[in-house]
Each structure stands twice: as structure tokens, then as C-alpha cells.
Amino acid sequence: MDALVTARERTPSAIKDQIVGIGISAPGPVDPWRGVVVEPPNLGPTFRDVPLADEAERAVGLPAYLDRDTNVAALAEATFGAARDCPDFLYLTVSTGIGGAIVIEGRLVHGPDGMAGEIGHLPLEIDGPRCGCGGAGHLEAIASGRALARDARTALEAGLSPFLAGRAVDRGPDDLGARDVAEGDEAGDPFCRALMHRARRAFAVACAGLVNVFNPSRIIVGGSIADSQGERLLGPAREEIARSAFRTPARRVRLLAATLGPDVSLVGANPLVTARLGDAAWRRGGRPEPAIHPSV
């Protein structure tokens, strides 16, 4: 929290006086009502139940609101980016991990525990590779940057990729990552090509399933791998949606690249605070029980 305090202290007075709250983007799963990071699988076993919003609020004396990083990114794209004027969309990030957010009728879908939208943990292969969360065959375990780095090291140990072997000589095996696999694919290395094809195929199949489940008007895709792959990732997904999703939602949906870049969560902090400031439903110990209509 020292950096947060220092940043506020160094902010010019004219700007500081206009700051009304703090928006926090955090790896999920999170409890957005209490402002707690619950159990992110990629931050180690000790990073559990961390009350980041309370700590930020105490540190700077301003109300703080926290949500999963992909939800904050979705708010940014809905307010300033590729999902403007679109009340029904999904946001996906393909990066070190794979995450998602669901927006229906203009509202983020959190679920009763705040964990709805963990699209990266959609199972695709029953006996697939182990995910960081402990599950098997999840999309994140196949197509994320972490998964590609894992498979690159396995290939190196088995002597399956001359390209990756050359990279390991230059930098050491521990530095091999998703970028090396992608560059090996472009260079024609058969193993790297197979890995990237599998990752793109997994992403495409997941998108087709999501179209059937959610009937979105748009799927917005961001993240470092998505940015670097571009149409090599999005093109096959569009084709898979057209081929295997239900005809009506497949015709409706548009699969688009995100527009706000790596600072999307910083941008999303603005609508996050604006939407929740002064709303008693947030930071009061958990989601209020929704009213259920008698006809439901």
C-alpha cells in the first residue's frame, strides 16, 4: 500500500481534490462485495482471502471497490472501447492466464459468490493437462501463456523441438515462454506449430460453446497473446462459431479485438468506482439476497 499512498501524495492538488474513490483490478476469484481476493490459482498457495479493498481504504482514506481484473476490463470496453452501446457481450482475455466476464442487459454477471465468468476454467478435455486451479483440461490449461510455457519446457526435455532447443541455448530453459512457442510456429517448427494449433483450436471451440450458452451480441478478446496473434486466433474462432454454434446466435455475434490495450484495467477503474460509489450493496459483507419473483 506504500506505493498507493505515495502516488496520492505526489498527485497535484487540483487533481487530488477530485479523487472520490479507488478502483482495484485483481486476479480472480474475488468477492467483489467485500473487496476480498479469494483464491487466485496463479499467485501461490498463501495468497488467499486478502482484503485488498479494506487495506486500500485505510491507507488513503477513500472508499475502495474491487473486482476481478476481467470484469474491470469489461467495464472499460463497455464504457470506452469495443463494447460501447452493446448491452450483451462477453469479454475474454488470452494472456498468461485466460479469464472472462459476462455482461447481460448492461450488467456484469457476478453469480452468488462473485465468481461467474471464470471462462478460462471451462473444461474442454476430460483427461487434459492439469490447470493451476487443480482441475483438468481447462481452457487455461491448454491455451494460456502459462500452459504454452509449460509445454515448451516439456518439449525441450524430450528433445521434440529444435527451435526451442536453440532458444534454450541462448537464454536458458527456464526463460522459455509462450512467445518462443509462437515464434517457433512462425518459423515452421513442427512441435511449436502443433502447440499453437491446439491452443487456437481450444479457444475456437470454447467460443462456439459460449455463443450457444450466452447468445452474446459481441465477444471482445484482449490480452497479450490475443494481441500478438490477432486474426490467427480470432479467424479460426469465427469459423468455428459459424460451423458449430446454433445458427441464430452465430449470425448475431461479432468476435472483435479489444481496443484499450494493456492498460484496460486502469481505464476500467473509472466506471468501477462511478457505478458503485455510494451504493450500499458494495463493501457491506456480501451480496444482498436478490428478490425472487413468485412466478420464477
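Residue numbers run from 1 in the order of the sequence given.
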State whether the side chain of [X] and the backbone N or O of [Y] hold a donor-acceptor pair below 3.5 Å, judged by distance alone.
X    : Y    : answer
R107 : I104 : no
D113 : M115 : no
R8   : V60  : yes
R150 : A141 : yes
D189 : C192 : yes
D279 : W282 : no
E140 : G132 : no
N212 : F246 : yes
R232 : S228 : no
E57  : A64  : yes

Heavy-atom pair of closest approach, residues [X] and [Y]:
X    : Y   : result
P271 : L75 : CG-O, 3.9 Å
L108 : A74 : CD2-CB, 4.3 Å
P29  : P41 : CD-CD, 4.1 Å

Contact between [X] and [Y] at the side-chain level, heavy atoms closer than 4.5 Å - yes or no?
X    : Y    : result
L255 : V221 : yes
I119 : L92  : yes
M196 : V181 : yes
I219 : V253 : yes
V38  : D49  : yes
F47  : V37  : yes
L90  : V211 : no

Should the pair [X]-[Y] be classified as a salt bridge under the 4.0 Å nitrogen-to-oxygen rule?
X    : Y    : result
R198 : E125 : yes
R201 : E240 : yes
R167 : D175 : no
D174 : R153 : no

Side chains of R68 and T70: is there a donor and an acceptor less than 3.5 Å apart?
yes

Give a yes-or-no answer on whether the side chains of D67 and H110 include a donor-acceptor pair shorter than 3.5 Å.
yes

For residues I225 and V205: do they belong to one hydrophobic cluster (side chain heavy atoms under 4.5 Å, members Ile, Leu, Val, Met, Phe, Trp, Tyr)?
no

Step by step, would you call E77 with R218 a salt bridge (charged side-chain N to carboxylate O under 4.0 Å, His left out)?
CA-CA 11 Å; E77 292 289 345; R218 297 178 198 171; over 6 Å; no

In sequence, state the C-alpha distance, the side-chain angles, and the governing distance for R200 and D185, and then conclude on salt bridge (charged side-chain N to carboxylate O under 4.0 Å, His left out).
CA-CA 12 Å; R200 289 189 287 260; D185 174 28; 3.2 Å; yes

